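In what follows, chains are A, B, ... by sequence order, proteins preceding strands, each numbered from 1. Everything numeric here is computed off the predicted structure, so don't read it as measured data.
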4 protein chains.
Amino acid sequence: MRSPIIGVMGPGETASPRTCEIAFLLGQQIAQQGWILLTGGRAAGVMDAASRGAKQAGGLTIGILPGTTEAGMSEAIDIPILTGMDSARNHINILTSTVIIACGMGAGTASEVALALKAQKPVILIQVNRTTAEFFRQLGGDRVIIVEQVDEAIDRIRQILS
Amino acid sequence: MRSPIIGVMGPGETASPRTCEIAFLLGQQIAQQGWILLTGGRAAGVMDAASRGAKQAGGLTIGILPGTTEAGMSEAIDIPILTGMDSARNHINILTSTVIIACGMGAGTASEVALALKAQKPVILIQVNRTTAEFFRQLGGDRVIIVEQVDEAIDRIRQILS
Amino acid sequence: MRSPIIGVMGPGETASPRTCEIAFLLGQQIAQQGWILLTGGRAAGVMDAASRGAKQAGGLTIGILPGTTEAGMSEAIDIPILTGMDSARNHINILTSTVIIACGMGAGTASEVALALKAQKPVILIQVNRTTAEFFRQLGGDRVIIVEQVDEAIDRIRQILS
Amino acid sequence: MRSPIIGVMGPGETASPRTCEIAFLLGQQIAQQGWILLTGGRAAGVMDAASRGAKQAGGLTIGILPGTTEAGMSEAIDIPILTGMDSARNHINILTSTVIIACGMGAGTASEVALALKAQKPVILIQVNRTTAEFFRQLGGDRVIIVEQVDEAIDRIRQILS
């Protein structure tokens, strides 16, 4: 049986240290569950931290890259998908993931959460403020799950996949 | 000299009558300024209303369509660009527009506003609630302009283009 | 009634002077028929020559650009569509055009002719050698039309559109 | 160290039994070398045969799918990348593969070989006729390698990767 692909989205260069720490733990626990991790693949912020977490736990990592080459790619990516499509690749991130976790928030991440809701996918938000949570709840209703802890995120994914 | 392209984004089937009315006026006034109107091109909601407004005022309308054919296209589109890319075409809407107006809000529209902020483009929001305004202000700061009236939107675009 | 969009594809920097001359005439005659010209939009080779021909004859020109900005765009483009998708934009060129003319040949042009045949679109080849003509005839059969003269290309398009 | 990704392209529904047999052997030997196999992912022709060959040999298979869901996917795909981009996904196939093998020929395959040459990637052709070989040699010169046997294809890839 094929492993589910879980997408972890989040800010790149502007991610806070705390957000990166959470992203690392998410990657680690996703790998421990036997799930495949998908990120935007760049060597920055949440993408990089989650991928390093997954690799440390022996997982498999996919990176959907915006460019035409591997320049700027995280070293923790096993499978680089080179799209050459700039931010239009965000839609591929969403379609390819069974569940999307947004860890922290930024303009790119917001586009991914919105595209996920458009595509009727479940989204888990972690490390977001009240306005962000409210905004996406208005857009997506029950498909938007807000959690505080990494463990809770993993539990909710397990429920969704079962 | 080439005419500026102004993108009007907004909900499709879920747009309220009031939001469609505003979209129609936006299209009309964009055409009256001699600007080209760009929308997502479908025969629904804000895309359709804005395009019909622009045509009534003798303007030129571009529709960036998600499908591979003209099925479901607004009759008010002069130039249909067929992308066959589903919602990944939202990124083309943004890159091609000099200024983006979001009229009303939905998941697709939210992805477009977020992609516009990611691409450092100015965004005007009209017909949105307080949570939406606050959320995008957090993401985009001064590049996000919130207006109440169509006239004000047109004034702000004129300033940006000058 | 909307004007048909005719795509003219061909080499960029590597186009011969003779091929560019033919492309200029194609653009001119396309505009004289009241059709809209679509090209890849760059300031090079066939794209540029065809667009300049169409402008000289008072036509409307669309450029489907590979980049995220107007850098490197032909000055003869009225409507620049910025895709940010590199050569993946070739598929949009094809889907958006009712008839495709390939003027000269190169790797990018070959991908466009092949995508056009895949999408069941009629293709006219001009300024190609015998091997090229034979290859695409094998792939596309009667949908591939080989002509020697610009007038003949225009006649064939008129038949297809009627 | 990351495994190289080798792309095997070829016709879908129109592939001959002999072409599918060769594709199966290619997939098998690619997996035996420890390389990752990439295809267009559909349950048809060369994509399916190569993926089944790779799975039989215990390899890892990536499928870059044209649709927004897994409908029509080969059962031998481990990692489905859902692009929702129709044939524009052909460009991702090419960018993501270090070496491209075209096994048999059709319109989609021709677009992939052409895009590969445009992106300066090495291409191996197997199971193609003389006109096809000549056409792509004209376009790509020495970057186009024509082989008769699966073993020879694998040898040439080994040389390219070394």
Side-chain angles (χ1 to χ4, degrees), chain C residues 9-15 40 42 44-45 64 66 81 83-96 100 102 104-123 125 127-144 146, chain D residues 9-15 40 42 44-45 64 66 81 83-96 100 102 104-123 125 127-144 146:
Chain C
M9 312 293 143
E13 287 74 7
T14 61
R42 294 197 301 108
I64 309 287
I81 305 295
T83 68
M85 290 172 64
D86 203 65
S87 294
R89 71 82 148 83
N90 294 5
H91 194 230
I92 300 179
N93 296 353
I94 293 321
L95 293 176
T96 301
I100 288 91
M105 193 47 55
T109 309
S111 77
E112 285 158 330
V113 173
L115 288 167
L117 296 176
K118 179 81 179 172
Q120 316 266 359
K121 300 258 181 169
V123 176
L125 303 181
Q127 288 282 102
V128 301
N129 66 23
R130 223 167 56 96
T131 303
T132 301
E134 243 178 76
F135 175 68
F136 285 118
R137 267 291 171 82
Q138 281 182 12
L139 280 188
D142 285 354
R143 265 202 310 277
V144 178
I146 293 135
Chain D
M9 312 293 143
E13 287 74 7
T14 61
R42 294 197 300 109
I64 310 287
I81 305 295
T83 68
M85 290 172 64
D86 203 66
S87 294
R89 70 84 149 81
N90 294 5
H91 194 230
I92 299 179
N93 296 354
I94 292 320
L95 293 176
T96 302
I100 288 91
M105 192 49 53
T109 310
S111 77
E112 285 158 331
V113 173
L115 289 167
L117 296 176
K118 178 82 177 172
Q120 317 266 359
K121 301 257 181 169
V123 176
L125 303 181
Q127 287 283 101
V128 300
N129 65 24
R130 222 167 58 95
T131 303
T132 301
E134 243 177 76
F135 174 68
F136 285 118
R137 266 291 171 81
Q138 281 181 12
L139 281 187
D142 285 354
R143 265 201 312 277
V144 178
I146 293 136

Under 4.5 Å to a heavy atom of chain D? For C:L115 that would be both
Given D:S111, D:A116, D:G140, the one with more heavy-atom pairs under 4.5 angstrom with chain C than any other is D:S111
Greatest number of non-hydrogen atom pairs under 4.5 angstrom with chain D, of C:M105, C:R130, C:Q138, C:M85, falls to C:Q138
Minimal heavy-atom distance between D:S87 and C:H91, with the atoms involved, is CB-NE2, 3.5 Å
Note: C:G106 and D:L139 closest approach over all heavy atoms is C-CD2, 3.5 Å
Smallest heavy-atom separation, D:A114 atom then C:A107 atom, equals CB-O, 3.3 Å
NZ of C:K118: more than 12 outside heavy atoms within 6.0 angstrom? no
Kindly assign one of parallel, tilted or perpendicular to the pair C:F135 and D:F136, based on the angle between their ring planes and the thresholds 30° and 60°.
perpendicular
